[in-house]
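Whatever order the structure lists them in is the order used to number ligands and atoms, beginning at 1.
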Amino acid sequence: MTSCRLCGAPVEVFLDFGPMPLANGFLAGEDFETEGFFDLSVAFCMHCAAVQLTNPVPREKMFHSRYPFFTGSSTRMAEHFRAFAASVADDLRSEDPFVVEIGSNDGTLLRFFANSSVRHLGIDPSANVAAAASENGVRTAIAYFDPPFAAEVVRTQGQADVILAANCFCHIPDLHRLAEAVNILLKPGGRLIFEDPYLGDILRLNSYDQIYDEHVFYFSLTSVSRWLDACGFEVIDVQKQPVHGGSMRYTCARRGACRVSGAVADLRAREVCEGLHLPETYAQFRLRVERSREELSDVLVKLRQRGLRVAGYGATSKSTTVLNYCGIGPSLLEFISDTTPLKQGTFSPGMHIPILPPASFHSAFPDCALLFAWNHADEILAKEGAFRASGGKWIRYVPRVSLV
Ligand code: TMP
């Protein structure tokens, strides 16, 4: 692709990771031979400032009945979504409100509404996470959200007061079709509230591991505003969120329907100061990413040369980018510990490092642990005090490579 998915203008590739496996393609040993790879490269649009993948993977390869990510696997995330739901509930004004979440995963966010008997509907294409939501009492449809599906919901259940999405819109390649579906489903005075990893934080933290197949877009207020503007909507508020390594929550409404908060102008001005609209910002980011790769490989090779045991902590989707881009395989990393039952007993995509349950980590602490789930660092460091007490060291690579 040489043109922007949002505005059609030419785009400039600033980072090409080369062939990559699916970020969540955890696999069995017998599937190594047939594992698929695709080209992961990311580009910047000079016209609308949208940062995007050039070569999205077909969605059915990523979202299916064995999707291995469950939102509720982190207690901090569950708490974050409880607070998010409570703030939305506070603003519901109609007599019989209807709340819809797009990409509702295991129902962690909607559970709050289900427990308060608020009419709700979760929509998710991955059957296994949707089943987990239904078991939690969250009404869930297994589907992709598109205009025909939105029309069917309106016909059977009416329009929504609020449409929510968390870590979902950045996965959707056709944002104009998405806005068309939102326009059908949302009441005239309704709100669209979504949050996704924030481009400003990715640049600031050098968190290049946020770049993987599922994340088609890396949003800023600038690009979100241009997208919504073309669809008759506008951002009326923004709130920074401390989750997923730095996210932004965008509250949106039909253009002119609501007062726009001062936070929107403030963030817009900050994005100009930080050069989010300038190609040189991305050229500099690329140099920092390349340096980070050299430093991390160097640290791991030296630890192995000293005969130390190193394991990974958290088989995150992000870890797939780091492992494959930096060429880190089983000779450098013995295993990766992860709490997700579906990932345990499999191998990491591309580099084929064994994924083991936390019991393997606790029964014989390695000398060092590479923290892939760095976005959950507070929660993990708090509960893994015994690892530090045993002399274990954490290896971090965000914002820079360090051994603590
Ligand atoms: P995420 O970065 O996409 O939220 O994924 C976090 C991954 O890390 C997920 O596979 C669960 C795993 N994890 C652990 O193994 N231990 C933990 O304490 C936490 C919080 C997450």
Side-chain angles (χ1 to χ4, degrees), residues 21-27 62-63 66-82 84 103-106 108-109 124 126 128-129 132 165-171 195-198 201-202 205 207-215 218 241-247 311-323 333-349 351 353-363 365-366 369-388 392 394-399:
L22 297 175
N24 270 312
F26 296 91
L27 71 173
M62 298 182 284
F63 310 114
R66 286 184 61 76
Y67 188 62
F69 177 75
F70 289 73
T71 306
S73 65
S74 154
T75 49
R76 291 272 161 89
M77 286 306 286
E79 174 49 32
H80 167 77
F81 284 120
R82 200 204 57 73
F84 182 10
S104 46
N105 196 269
D106 60 5
T108 299
L109 172 59
D124 202 291
S126 300
N128 62 328
V129 293
N167 309 305
C168 169
F169 282 9
C170 68
H171 295 66
E195 60 184 46
D196 277 296
Y198 177 56
D201 287 316
I202 295 174
L205 295 173
S207 49
Y208 67 90
D209 55 349
Q210 298 274 16
I211 301 169
Y212 56 86
D213 52 355
E214 293 179 21
H215 290 170
Y218 304 85
Q241 304 296 325
V243 294
H244 273 303
S247 294
Y313 197 103
T316 58
S317 355
K318 298 188 287 298
S319 68
T320 298
T321 297
V322 177
L323 292 168
L333 215 57
E334 209 174 285
F335 66 93
I336 304 174
S337 165
D338 197 281
T339 50
T340 315
L342 209 54
K343 294 181 187 175
Q344 294 163 1
T346 68
F347 293 85
S348 72
M351 298 312 288
I353 298 169
I355 313 296
L356 300 179
S360 305
F361 182 78
H362 295 132
S363 60
F365 283 134
L370 179 51
L371 186 60
F372 290 119
W374 55 267
N375 46 313
H376 302 290
D378 290 353
E379 178 175 346
I380 291 169
L381 268 52
K383 74 179 174 189
E384 298 295 2
F387 168 61
R388 285 285 284 141
W394 291 104
I395 305 168
R396 308 281 295 258
Y397 56 90
V398 171

Check if Met77 has a non-hydrogen atom at a distance under 4.0 Å from any atom of ligand 1.
-> no
What is the ring orientation for His80 with Phe84, classed by angle as parallel under 30°, tilted 30 to 60°, or perpendicular over 60°?
-> tilted
Per side-chain contact (heavy atoms from CB on, under 4.5 Å), Val243 is matched among Glu195, Glu79, Arg76 by Glu195
So the atoms of ligand 1 within less than 4.0 Å of a heavy atom of Asn375 turn out to be 1 (P), 2 (O), 4 (O)
Between Asp209 and Tyr397, a side-chain donor and acceptor under 3.5 Å | yes
Using distance alone, determine whether Ser73 and ligand 1 share an N or O pair under 3.5 Å.
-> no
Backbone of Tyr212 reached by a side-chain donor or acceptor of His215 within 3.5 Å | no
Among all protein non-hydrogen atoms, which one is nearest to atom 9 (C) of ligand 1, and what is the separation to 0.1 Å?
-> Asp338 OD2, 3.6 Å
Close approach of Phe372 to ligand 1, heavy atoms, under 4.0 angstrom = no
Any sub-3.5 Å donor-acceptor pair from Thr321's side-chain atoms to Ile211's backbone N or O?
-> yes
Heavy atom of the protein closest to atom 3 (O) of ligand 1 (residue, atom name, distance) = Phe69 CE1, 3.4 Å
Do you know which two heavy atoms are closest between Asp196 and Cys170, and how far apart they sit?
-> OD1-SG, 3.2 Å
For Lys343, atoms of ligand 1 separated by under 4.0 Å from a heavy atom | 9 (C), 10 (O)
Kindly say whether Ala23 contributes a backbone atom to a donor-acceptor pair with the side chain of Asp213 at under 3.5 angstrom?
-> yes
Name the closest protein heavy atom to atom 15 (O) of ligand 1, giving the residue it belongs to and the distance to 0.1 Å.
-> Thr339 N, 3.0 Å
How far is atom 2 (O) of ligand 1 from its nearest protein heavy atom, and which residue and atom name does that atom have?
-> Lys318 NZ, 2.8 Å
Nearest protein heavy atom to atom 19 (C) of ligand 1, by residue and atom, and its distance?
-> Ile380 CD1, 4.1 Å
Counting distance only, does the side-chain N/O of Gln344 pair as donor-acceptor with the main-chain N or O of Asp338 below 3.5 Å?
-> yes
protein heavy-atom neighbour closest to atom 4 (O) of ligand 1 works out as His376 NE2, 2.7 Å
Does an N or O anywhere in Thr316 fall below 3.5 Å from an N or O of ligand 1?
-> no
Hey, are Glu379 and Ser74 close enough side-chain-wise for a donor-acceptor pair under 3.5 Å?
-> yes
Nitrogen or oxygen of Glu379 less than 3.5 angstrom from that of ligand 1 = no
May I ask you to decide if His244's main-chain N or O and Gln210's side chain share a donor-acceptor pair within less than 3.5 Å?
-> yes
Which of the ligand 1 atoms, numbered from 1, are nearer than 4.0 Å to a heavy atom of Thr340 = 9 (C), 10 (O), 11 (C)
Please indicate whether any nitrogen or oxygen in Lys383 is less than 3.5 Å from any nitrogen or oxygen in ligand 1.
-> yes
